[in-house]
Each structure stands twice: as structure tokens, then as C-alpha cells.
Amino acid sequence: MTQSQAVGAAGELIVQARLLVRGWITGNVNSGGMMNAPAVDLVAMKAKKTIKIAVKSTGHQSTSAQWGLREGASSLFRGDAHPDFVIFVWFVDAAAPDLCRIFVVPAKTVSDDALKAHRYFHSRLTRAGTQPKGADHVVIRWNGRDTERSKSHNFAEKWKRYENAWELLER
């Protein structure tokens, strides 16, 4: 298992544990022989409510979340099943591997905000006067500051209201 895979698996397990202690029954749709859903990692049920969750984990070495994007896509999410929420787990310190920040964000907000930042970046020419590369790659960064050229930084501040916003799952 690569470090990236370990970080992803750890993020999914942390989210499952946080859901379980809040009374949700959870299942990972990408493990145990279940069908791989490209945009959904977990399904959670509580009372009569069922939600689909994508988990994006970021290791301390990287402060960004990333998606591949098909040309002309109107959403970050692929496949027939789209998530209701994206839960981000950001491991912030290699010296404290248990320390993480968690953001519970409605999937529509994630898609809209990330695509808006992506389109802004690709609407600007590079310093060399050419179109930027990577039109099939969407990135948001947790820290840093936005520039005239890029609005994809500082999502930890932009989405501050979603940090540990587990109550959103109940609505």
C-alpha cells in the first residue's frame, strides 16, 4: 500500500468512526467485494435517512485535494451515484499523525466552488501568454492565499463554517 492509499484509507476509517459515534450505520462501498462507485465511498443510514458520502483525505505532505475532470463536465463527480456530502480529512502534522481537521461540505458546494476556482484559473493566460495546462485536473488548496491568477487557495478559511459541521448530515 502506498502512502497515498494509506492516507485515503485512514480518512475513510476516521469518517466511519465519527459517524458511528453519532448514531449512523455506515458501510464502505469500495471494500468487501462491493461495487466500486467512482464518486461515493461511504453510505450512512440513521432512522429513515440515507446519505452518500465521498471522502477526500489529504496527508500532511500535501495541502490540496484533487479531482480528475472530463472535458465539458458540469460536476466533479463521475458515475451514476453522486455524493450528498464530501467529507475532507486533512492530516496537518507528520509529528502528530492523529491530528486532523475535518470539513463536512455539501457535495454541490464542493463541486460549484472547486469548478468556479478551476474555470477562473483556466480563463487567465500564463505569464508566457499561453493557456494553462491541466484543464482535466481540479485542485483546491487548504492554505495559502488567492492570487490574481488563482482562486483555489485557502479553502480552510473559505469553508470554515463546514469544519466539524456534522449536524449538516441530520438536515
Side-chain angles (χ1 to χ4, degrees), residues 4 7-8 10-12 14-16 18-19 22 24 26 28-30 37-44 49-93 99-127 131-171:
S4 175
V7 167
E12 288 177 4
I14 286 170
V15 171
Q16 280 187 283
R18 302 280 170 98
L19 289 167
R22 287 171 171 80
W24 291 87
T26 66
N28 188 322
V29 300
N30 297 317
V40 175
D41 298 304
L42 305 175
V43 174
K49 185 168 185 137
T50 301
I51 56 174
K52 298 178 296 288
I53 300 168
V55 178
K56 295 293 270 182
S57 304
T58 305
H60 63 275
Q61 297 135 335
S62 171
T63 61
S64 64
Q66 305 177 35
W67 292 264
L69 185 66
R70 293 196 175 133
E71 189 175 335
S74 60
S75 173
L76 290 179
F77 309 112
R78 297 180 181 178
D80 295 333
H82 288 202
D84 300 304
F85 291 91
V86 180
I87 300 181
F88 295 91
V89 180
W90 175 23
F91 295 97
V92 295
D93 188 351
L99 183 62
C100 62
R101 293 178 69 183
I102 298 176
F103 297 81
V104 180
V105 189
K108 182 172 178 4
T109 299
V110 173
S111 187
D112 290 352
D113 290 359
L115 287 175
K116 182 179 176 184
H118 177 76
R119 288 183 184 119
Y120 180 84
F121 178 78
H122 286 281
S123 71
R124 322 279 290 172
L125 296 177
T126 66
R127 289 182 192 149
Q131 283 298 119
K133 295 180 181 175
D136 60 345
H137 191 77
V138 177
V139 177
I140 62 166
R141 294 179 185 5
W142 291 115
N143 54 15
R145 64 179 180 80
D146 284 345
T147 65
E148 181 181 320
R149 182 144 154 59
S150 176
K151 303 297 182 200
S152 65
H153 295 83
N154 206 18
F155 270 80
E157 184 61 31
K158 291 174 185 172
W159 288 343
K160 190 174 191 157
R161 70 182 175 272
Y162 297 117
E163 190 162 8
N164 294 312
W166 297 99
E167 71 280 357
L168 291 177
L169 304 177
E170 305 284 344
R171 295 184 188 158

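Values below: all heavy atoms of this structure, side chains included; hydrogens, waters and symmetry mates excluded. If you read the sequence from its start, that first residue is 1, and numbering goes on from there. These numbers were taken from a predicted model, which means no experiment stands behind them.
- For A10, the side-chain contact (heavy atoms from CB on, under 4.5 Å) partners two or more places apart in sequence, or in a different chain, are F91.
- The two residues Y120 and E148 come nearest to each other via the heavy atoms OH-O, 2.6 Å.
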Problem - side chain to side chain contact (heavy atoms under 4.5 Å, CB included) between W159 and I140, worked out - result: CA-CA 11 Å; W159 288 343; I140 62 166; 3.6 Å; yes
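- Side-chain N or O atoms of Y162 include none that pairs as donor or acceptor with a backbone N or O of I87 at under 3.5 Å.
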Practice task
Begin with the C-alpha distance, continue with both residues' side-chain angles, and end with the deciding distance and a verdict on side chain to side chain contact (heavy atoms under 4.5 Å, CB included) for T26 and I53.
Solution key: CA-CA 10 Å; T26 66; I53 300 168; over 6 Å; no
Exercise for the section: Please test D113 against K116 for side chain to side chain contact (heavy atoms under 4.5 Å, CB included), starting from the C-alpha separation and ending with a verdict. Expected result: CA-CA 5 Å; D113 290 359; K116 182 179 176 184; 5.6 Å; no
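- Rounded to the nearest 0.5 Å, atoms CD (Q16) and CG (N28) are 5.5 Å apart.
- In terms of heavy atoms, A107 sits closest to F77 at O-CE1, 3.6 Å.
- With D146 as the partner, the side chain to side chain donor-acceptor pair (under 3.5 Å) test is satisfied by one option alone out of K151, R141, K158: K158.
- Remark: K108 engages D112 in a salt bridge (charged side-chain N to carboxylate O under 4.0 Å, His left out) (not counting sequence neighbours).
- Here CZ of R161 is found 9.5 Å from CG of L168. Values are rounded to the nearest 0.5 Å.
- Taking the side-chain hydrogen bond (donor to acceptor under 3.5 Å, both in side chains) definition, one finds that S64 meets it with S62, Q66, sequence neighbours left out.
- Not counting sequence neighbours, R22 has no partner by the salt bridge (charged side-chain N to carboxylate O under 4.0 Å, His left out) test.
- By the salt bridge (charged side-chain N to carboxylate O under 4.0 Å, His left out) test, E167 pairs with no residue at all, sequence neighbours left out.
- Proximity of a side-chain donor or acceptor of N154 to a complementary backbone N or O of R145 within less than 3.5 Å is not detected.
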Problem - Test log, rule side chain to side chain contact (heavy atoms under 4.5 Å, CB included), inputs W67 and V110 - result: CA-CA 11 Å; W67 292 264; V110 173; 3.8 Å; yes
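- Once rounded to the nearest 0.5 Å, the distance linking CD1 of I14 with CD1 of I102 reads 6.0 Å.
- Qualifying ring-ring contact (aromatic ring centres under 6.0 Å, His included) partners for W142, counting only residues two or more places apart in sequence or in other chains: F88, W90, F103.
- Remark: S111 engages no residue in a side-chain hydrogen bond (donor to acceptor under 3.5 Å, both in side chains) (not counting sequence neighbours).
- The CD atom of E12 lies 6.5 Å from the OG atom of S57; values are rounded to the nearest 0.5 Å.
- For L99, the side-chain contact (heavy atoms from CB on, under 4.5 Å) test picks out V92, D93, A96, with sequence neighbours left out.
- Judged as a side-chain contact (heavy atoms from CB on, under 4.5 Å), and not counting sequence neighbours, the contacts of R119 are L115.
- The shortest non-hydrogen separation linking D41 to V55 is OD2-N, 2.7 Å.
- Every residue meeting the side-chain hydrogen bond (donor to acceptor under 3.5 Å, both in side chains) condition with N143, not counting sequence neighbours, appears here in chain and number order: T63.
- Between the CG atom of L69 and the CG atom of L76 there is a distance of 6.5 Å, given to the nearest 0.5 Å.
- K49 meets the salt bridge (charged side-chain N to carboxylate O under 4.0 Å, His left out) test with no other residue; sequence neighbours excluded.
- Of all heavy-atom pairs between A54 and A39, the closest is CB-O, 3.3 Å.
- With sequence neighbours excluded, the residues that form a side-chain contact (heavy atoms from CB on, under 4.5 Å) with T50 are V43, M45.
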